[in-house]
2 protein chains.
Amino acid sequence: MGKRKENSTNLHNEKAIVGRCDLTYAVCMIGGRWKLLILCKLENGKLRFSELRDKINGITERMLTLQLRELEKEGLVKRTVYAEVPPRVDYELTKIATELLPIWGQLSNWGAKHRKFMKNQL
Amino acid sequence: MGKRKENSTNLHNEKAIVGRCDLTYAVCMIGGRWKLLILCKLENGKLRFSELRDKINGITERMLTLQLRELEKEGLVKRTVYAEVPPRVDYELTKIATELLPIWGQLSNWGAKHRKFMKNQL
DNA sequence: TATGGTACTAACAAATTTGTAAGTTATGGG
DNA sequence: CCCATAACTTACAAATTTGTTAGTACCATA
């Protein structure tokens, strides 16, 4: 997002953990505040910047841009720019990102179950 | 971890997202720097505080405490205190946490695959 | 010539998470 | 009485993420 400081313990720890653990690596990849939401919106096909912005309640253009840029770097979304005026850009999931979908389904089910479970604890 | 500020846009956004999306809810739950590592160490049974600390390279006692406390609140680990001196405390996964294990397996595989894929991009 | 729409970027501020360093508690053994 | 030990706390500082506000470029159209 902003650039990170080289030589911080923080960065060092993160690298050490992510470097060893594929699970943490995978989870870090989708760890930003809005990333999962963005990816979910793209499940059914391409969307342009403004469509994403309008579908995601509360996100600012800055945040949308930042998270899309990261997702792009990570190879999870593909960005296509059309040479038009006014500009048009669209985003879609990459192949490897779509392979996450079934896993998300399961995680999501688990989440729903956990949520109910916690409610009953009150 | 530290208490969060009521009425911040930040908190508000998080609540709104997590409130609606089971997937984000599930991912947030394991989102701290050290949480997955801790949970993984507990896969094979109970461990005491000092054992966790020693098995997790680079973690400080403060961080270990914080993350364990959250995991406990979230119902993912169970904490047991023995009335001894010096104190003894151990931690174990709860039932609902163990239901995540197969999903982690898949995510982890995906992570490994993605990592290879990215290497080949260079 | 002024306007409008789209997809951004820049500068700054606030909130949140993570790390550092130094205590604290209680008690059994010497 | 003093010390060691395990499992924490506390106060503070640094790093990182998120949010706010105000711009930018482009050119077809009015």
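The chains referred to below are lettered A, B, ... by the order of the sequence lines, with proteins before strands, and numbering in each begins at 1.
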With a 4.0 Å cut-off on heavy atoms, is B:L66 in touch with a base, just the backbone sugar-phosphate, or nothing at all? nothing
Original post:
Would you call B:E74 and B:K35 a salt bridge, using N to O less than 4.0 angstrom?
Top reply: yes
Cation over ring, B:R48 on B:Y91, under 6.0 Å and within 45°? no
A:N13 CG to C:dG19 C1', in whole Å, measures 8 Å
TODO: Please determine if B:R4 and B:E14 form a salt bridge, counting it only when a charged side-chain N lies under 4.0 Å from a carboxylate O.
DONE: yes
Readout for nucleotides 1-13 of chain C: B = base within 4.0 Å of protein heavy atom, S = sugar-phosphate only, - = neither; 5' to 3' it is ----BBSBBBB--
Is there a path from B:V81 to B:I38 through hydrophobic residues (I, L, V, M, F, W, Y) whose side chains come within less than 4.5 Å of each other? yes
Is it the case that the side chain of A:W110 and the backbone of A:G105 share a donor-acceptor pair, with hydrogens and angles ignored and the cut-off at 3.5 Å? no
Note: chain B reaches DNA chain D at heavy-atom distances under 4.0 Å over the stretch, first to last nt, 5' to 3', of D:dT5 to D:dT20
Item checked: Basic-acidic side-chain contact under 4.0 Å: A:E99, A:K95 -> yes
| task | For A:L64, answer base if it contacts any base atom (sugar-phosphate contacts may also be present), sugar-phosphate if it contacts only those atoms, and nothing otherwise; contact means non-hydrogen atoms under 4.0 Å. | result | nothing
Result for 5'-nearest mapping on DNA chain D, choosing between B:T9 and A:E14, is A:E14
Of A:L11 and A:R33, the one whose nearest nucleotide on DNA chain C sits closer to the 5' end is A:R33
d(A:L23 CG, B:S108 OG) to nearest 0.5 Å is 5.5 Å
Salt bridge between A:K78 and A:E72, side-chain N to carboxylate O under 4.0 Å? no
